[in-house]
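Read the structure below first, then the notes.
Chain letters run A, B, ... following the sequence lines, proteins first and then strands; every chain starts at 1.
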Amino acid sequence: MKITLKDGSVKEYAEAKSVYDIALEISEGLARVAAAGEVNGEIVDLRTVLDKDCTLNIVTIHDPAGLKVLRHTASHVMAEAVQRLFPDAKVAIGPAIEDGFYYDFEHAPFSREDLDNIEKEMKKIVKEGKRLERFELPRAEAIKFMEDRKEPFKVELIQDLPEDAVISFYDQGDFVDLCAGPHLMNTKNIKAYKLISSSMAYWRGDSNKARLQRIYATAFTNKEDLEKHLQKLEDAKMRDHNKLGREMGLFLTADVIGQGLPLFTPKGTKMIMKLQRWIEDLEDREWGYVRTRTPLMAKSDLYKISGHWDHYMDGMFVLNKDAEDGKEVMALRPMTCPFQYYVYMNEQKSYRDLPYRMSETSTLFRNEDSGEMHGLTRVRQFTITEAHIILTPEQAEEELTRCVDLAHHVMKTLGLEGDVSYRLSKWDPENKAKYEGDEEYWNSTQQYLRDVMNKNGISFTEEDGEAAFYGPKIDIQAKNVYGKEDTMVTIQLDCSSATKFGMYYIDEQGNKALPWIIHRTSMGCYERTLAWLIEHYAGKFPTWLCPEQVRILPISEKFADYAEKVRKALYDAGVDVTVDTRSEKIGYKIREATMDKLPYMLIVGAEEEEKGVVSVRSRFAGDEGAKSIEEFVAQITEEIRTKAIRKAADEQ
RNA sequence: GCUGCUGUGGCUCAGUCGGUAGAGCGUCACAUUGGUAAUGUGGAGGUCACGGGUCCGAUUCCCGUCAGCAGCUCCA
């Protein structure tokens with residue numbers, strides 16, 4: 001008997017065998033869908049004995065699709081283990097996800113001990129080598145089947161399937177699950193898995209529905225891959241800005257100050273100031289922006305005009321809300337838009353003045369739900385380089401391109417351009433009340449942004465329900481160390497706000513005309529960008545961003561004067577430099593400076609003083625040898641000026 | 001906002017089956033003045049997150065609050 005595999009290779013067998021046996025042998029337990037080979041154009045059943053040459057489309061568990069199947073099967077095994085240990089646990093759903101799988105149960109919260117016990121029980125099930133059998137039932141029987149097994153969530157799932165649906169189940173002996181498949185054919189092929197964590201999840205993501213316990217786990221084809229993955233999770237923890245940023249002394253929080261209100265230390269502040277000075281100069285001198293400075297709060301009247309009062313009330317901090325003494329109801333600003341509009345309207349503008357680009361380093365306040373705050377990435381007060389560009393409709397395409405270019409330039413300079421993806425954030429046609437404007441407005445503005453990105457050769461995804469209430473956005477997204485995505489930069493097209501505020505410009509015919517508005521950031525907010533930088537560089541920032549760029553390490557206190565001379569030379573050149581004057585051994589000082597992730601250490605002793613040099617030790621190249629003071633100053637100032645991103649050999 | 005877990009010197013953690021606490025690192029002082037990842041000795045430093053309850057007595061048990069974490073939901 002000859003079998004032709006998908007890759008063209010041919011296997012020969014002395015006697016007829018079942019597809020099941022062949023599949024098991026070739027793929028270490030492949031997915032059922034893959035096992036269904038084609039014989040003379042017909043899908044063969046697993047136990048069909050092959051008596052002719054055929055082509056078998058085999059997906060092994062080493063393929064991405066097969067790995068997903070492996071994980072999905074592992075979720076069934078986990079569900080069985082849970083029900084063996086906790087017979088009253090009701091099963092909900094258990095899909096494979098990126099990097100693993102989960103299963104939701106209705107049950108009391110699981111402790112770590114429970115998870116370990118479940119893992120042990122899974123081991124037994126794997127060892128038992130249980131075969132997974134697929135069977136199908138008509139809808140009514142399927143419902144009865146799950147009703148008999150007292151699985152209300154499964155019953156609900158089946159009820160939502162179409163009347164004529166073929167409803168399939170997978171039976172692994174003591175555990176049967178509603179499932180479209182495919183699956184591994186045998187539990188024994190699940191060799192490497194780990195229960196990661198458990199947490200609460202709502203049935204169908206609806207907070208009004210049942211509270212379930214979700215167990216997150218992962219599975220791989222072999223122990224090495226699993227170990228590698230677990231190591232990766234550990235490494236991610238080491239880069240986590242919320243941990244590393246605090247350890248490095250860049251920021252802190254205080255219970256009495258409140259959630260989502262980080263405090264920046266001198267070090268963290270220095271980094272933010274370096275970013276801010278750079279961005280402000282860049283925008284004003286090279287990209288044609290003017291700078292404004294507007295209030296952090298306003299009367300509620302302003303937000304009523306802007307639409308925030310109707311569309312964003314929950315997200316604002318409102319002051320004097322229930323005041324009975326006649327005090328004005330105010331709100332801290334959640335955005336800068338309307339404030340800058342009034343600056344625009346201060347003087348009548350001609351088409352010749354447009355595009356009018358107003359930028360502001362703007363502090364904003366957003367009343368996020370208490371469970372939403374995280375480190376520096378979700379906070380209640382943050383500062384952003386926010387601009388509003390007032391322009392004629394004819395200028396929009398070119399200006400939007402400039403905005404994308406500026407954002408790209410900023411990310412490239414920071415070395416972060418490889419981390420991002422672009423997203424067209426659209427309104428939600430299913431939830432029109434959340435947005436201003438009609439279908440035509442949204443379709444046309446969304447198409448406008450789509451065209452701009454296409455013309456600029458940007459690949460992007462599209463997402464419903466992510467737009468601002470006044471218009472669609474180009475969002476530049478980045479993932480954190482745990483794979484969670486955040487918006488870093490946003491560029492929004494707004495063709496409706498000008499009407500609300502009565503903004504206009506005088507066109508070439510001398511008539512009032514309605515401008516368009518671009519809302520955009522050039523860099524995400526400083527807090528979030530700093531978080532991103534910490535995680536991207538694992539704290540080893542490019543020299544220009546380091547709060548401490550050089551540390552001078554005198555061999556002993558005898559060389560304090562020479563160290564001071566070197567320090568002054570660097571300080572006068574604008575370098576952030578310190579001297580470690582403690583009476584510690586040089587090895588100890590080097591160790592500490594290394595752990596502080598300093599880019600440069602300058603060791604100075606008798607030899608150096610005599611020759612007027614410094615011994616350079618860098619994070620990038622280790623011992624760089626002796627250099628004259630002038631030479632090192634020239635080298636580092638050039639590195640800082642060009643914002644070079646030097647990397648060590650092992651960081652390439 | 002919801003569910004769960006967590007909160008002990010600056011950091012990492014131990015401990016108290018209820019009798020007001022300990023280590024390492026860091027910090028400070030002194031000695032040492034050194035050559036590329038840890039010199040030695042000594043000292044200081046904690047209302048055990050905060051508030052209430054039970055108890056003769058609470059850091060320990062219970063309740064609440066605040067904060068941190070994970071997840072859900074949300075994110076103009």
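Side chain A:Glu372 to base B:U73: a donor-acceptor pair is found below 3.5 Å. Between the side chain of A:Glu557 and the base of B:G34, no donor-acceptor pair of N or O atoms lies under 3.5 Å. Counting atom types as modelled, A:Arg378 pairs a side-chain N or O with a base atom of B:C75 as donor and acceptor under 3.5 Å. Side-chain atoms of A:Ser583 and base atoms of B:U33 include no donor and acceptor less than 3.5 Å apart.
At a threshold of 4.0 angstrom between heavy atoms, the contacts of A:Ala467 are confined to the sugar-phosphate backbone, with no base atom among them. Among the atoms of the strands shown, none is found under 4.0 Å from any heavy atom of A:Gly249. Looking at heavy-atom distances under 4.0 Å, A:Gly371 makes contact with a base. Residue contacts for A:Glu608: at a heavy-atom cut-off of 4.0 Å it reaches a base atom on one of the strands shown. Nucleic acid contact class of A:Thr487 (heavy atoms, under 4.0 Å, all strands): none. The residue A:Phe559 sits apart from the nucleic acid: no heavy atom pair falls under 4.0 Å. Residue A:Glu368 is out of contact with every strand shown, counting any heavy-atom pair closer than 4.0 Å. Counting any heavy atom pair closer than 4.0 Å across all strands shown, A:His374 reaches sugar-phosphate atoms only and no base atom.
Straight-line distance from the CG atom of A:Asp428 to the P atom of B:C74: 11 Å, rounded to whole Å. The distance between atom CE of A:Met373 and atom C1' of B:U73, rounded to the nearest whole Å, is 14 Å. Here B:U32 presents its P atom at 16 Å from NZ of A:Lys589, a figure rounded to the nearest Å. Atom pair A:Ile257:CD1 and B:G68:C1' shows a separation of 15 Å (rounding to whole Å applied). In this entry the distance linking CD1 of A:Ile586 with C1' of B:U32 reads 15 Å, nearest Å. Computed from coordinates, the A:Leu553 CG to B:G35 C1' distance equals 11 Å when rounded to whole Å. Remark: C1' of B:G68 and CG of A:Leu252 are 13 Å apart, rounded to the nearest angstrom. Computed from coordinates, the A:Trp427 CH2 to B:C75 C1' distance equals 20 Å when rounded to whole Å.
In this structure, CG in A:Asp428 is found 10.5 Å from CH2 in A:Trp442, a value given to the nearest 0.5 Å. In this structure, A:Glu399 CD and A:Ile390 CD1 are separated by 11.0 Å, a value rounded to the nearest 0.5 Å.
A 4.5 Å side-chain heavy-atom check between A:Asp464 and A:Pro429 finds at least one atom pair inside the cut-off. Using a 4.5 Å heavy-atom cutoff, the side chains of A:Arg423 and A:Thr487 are in contact.
Looking at which nucleotide of RNA chain B each of A:Thr253 and A:Lys484 is closest to, the 5′-most match is held by A:Thr253. Taking for each of A:Asn367 and A:Ile555 the nucleotide of RNA chain B with the nearest heavy atom, the 5'-most of the two is the partner of A:Ile555.
Nucleotides B:A49 and B:A67, compared at atom C1', are 8 Å apart to the nearest Å. Nucleotides B:A29 and B:G45, compared at atom C1', are 14 Å apart to the nearest Å. Using P as the reference atom, B:G18 and B:C62 are 11 Å apart when rounded to the nearest Å. A distance of about 27 Å separates the P atoms of B:C30 and B:U36, rounded to the whole Å. Comparing B:G9 with B:A21, their P atoms sit 15 Å apart, to the nearest whole Å. Taking the P atom of each, B:U20 and B:G24 are spaced 22 Å apart, rounded to whole Å. For the C1' atoms, the distance linking B:C25 with B:A44 amounts to 16 Å, nearest Å.
Nucleotide B:G35 forms a pair with no other nucleotide shown, judged by Watson-Crick or G-U wobble geometry with both contacts under 3.5 Å. In this structure B:A29 sits in a base pair with B:U41, meeting the Watson-Crick or G-U test at under 3.5 Å. The pairing partner recorded for B:C75 is none, the criterion being a Watson-Crick or G-U wobble arrangement whose two distances lie under 3.5 angstrom. Across all strands shown, B:U54 forms no Watson-Crick or G-U wobble pair with both key distances under 3.5 Å. The partner of B:A49, taking Watson-Crick or G-U wobble pairs whose two distances both stay under 3.5 Å, is B:U65. Using Watson-Crick or G-U wobble geometry with both donor-acceptor distances under 3.5 Å, B:U12 finds its partner in B:A23.
Listed nucleotides B:G1, B:U33, B:U36 differ in distance to A:Asp369; the shortest reach to its side chain belongs to B:G1. Among the nucleotides B:G34, B:C75, B:A38, the one closest to the side chain of A:Lys434 is B:C75. The side chain of A:Ile603 approaches B:G35 more closely than any other nucleotide in the set B:G68, B:G34, B:G35. Comparing atom distances between the A:Tyr216 side chain and each of B:A67, B:U39, B:G71 picks out B:G71 as nearest. Each of B:C75, B:A38, B:G68 was ranked by its minimum atom distance to the side chain of A:Gln259; first place goes to B:G68. Taking the side chain of A:Gln213 as heavy atoms from C-beta on, and the options B:G68, B:U3, B:U36, the nearest nucleotide is B:U3.
Between A:Lys585 and the phosphate of B:G40, there is no side-chain N or O to OP1/OP2 separation shorter than 4.0 Å.
A salt bridge links A:Arg567 with A:Glu564: the closest approach of a Lys/Arg side-chain nitrogen to an acidic carboxylate oxygen falls below 4.0 angstrom. Checked for salt-bridge contact, A:Arg646 and A:Glu624 meet the test: a charged N lies under 4.0 Å from a carboxylate O. Salt-bridge formation is detected for the pair A:Glu360/A:Arg333: a Lys NZ or Arg NE/NH1/NH2 atom is positioned less than 4.0 Å from an Asp or Glu carboxylate oxygen. Looking at A:Glu439 and A:Lys432, a side-chain N of the basic residue comes within less than 4.0 Å of a carboxylate O on the acidic one, giving a salt bridge.
Under the side chain to side chain contact (heavy atoms under 4.5 Å, CB included) rule, A:Tyr600 has a single partner from A:Val575, A:Thr543, A:Val577, A:Leu570, which is A:Thr543. Exactly one of A:Thr594, A:Val550, A:Ile552 qualifies for a side chain to side chain contact (heavy atoms under 4.5 Å, CB included) with A:Met601. That residue is A:Thr594.
With hydrogens and angles disregarded, no donor-acceptor distance shorter than 3.5 Å links the side chain of A:Glu436 to the backbone of A:Phe469.
Side-chain polar atoms of A:Ser425 and A:Glu463 form no donor-acceptor pair below 3.5 angstrom.
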When you compare the protein's N or O atoms with those of nucleotides 41-47 of chain B, which come within less than 3.5 Å of each other, and at what distance?
none

Under 3.5 Å, N/O pairs linking protein and nucleotides 23-28 of chain B:
{"unit_1": "B:G26", "atom_1": "OP1", "unit_2": "A:Tyr588", "atom_2": "OH", "d": "2.8"}
{"unit_1": "B:U27", "atom_1": "OP1", "unit_2": "A:Arg582", "atom_2": "NH1", "d": "3.2"}

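Residues forming a ring pair (Phe, Tyr, Trp, His ring centres under 6.0 Å) with A:Trp309 (at least two apart in sequence, or on another chain): none.
Heavy-atom neighbours of A:Lys90 NZ from other residues, nucleotides or ligands within 6.0 Å: above the threshold of 12.
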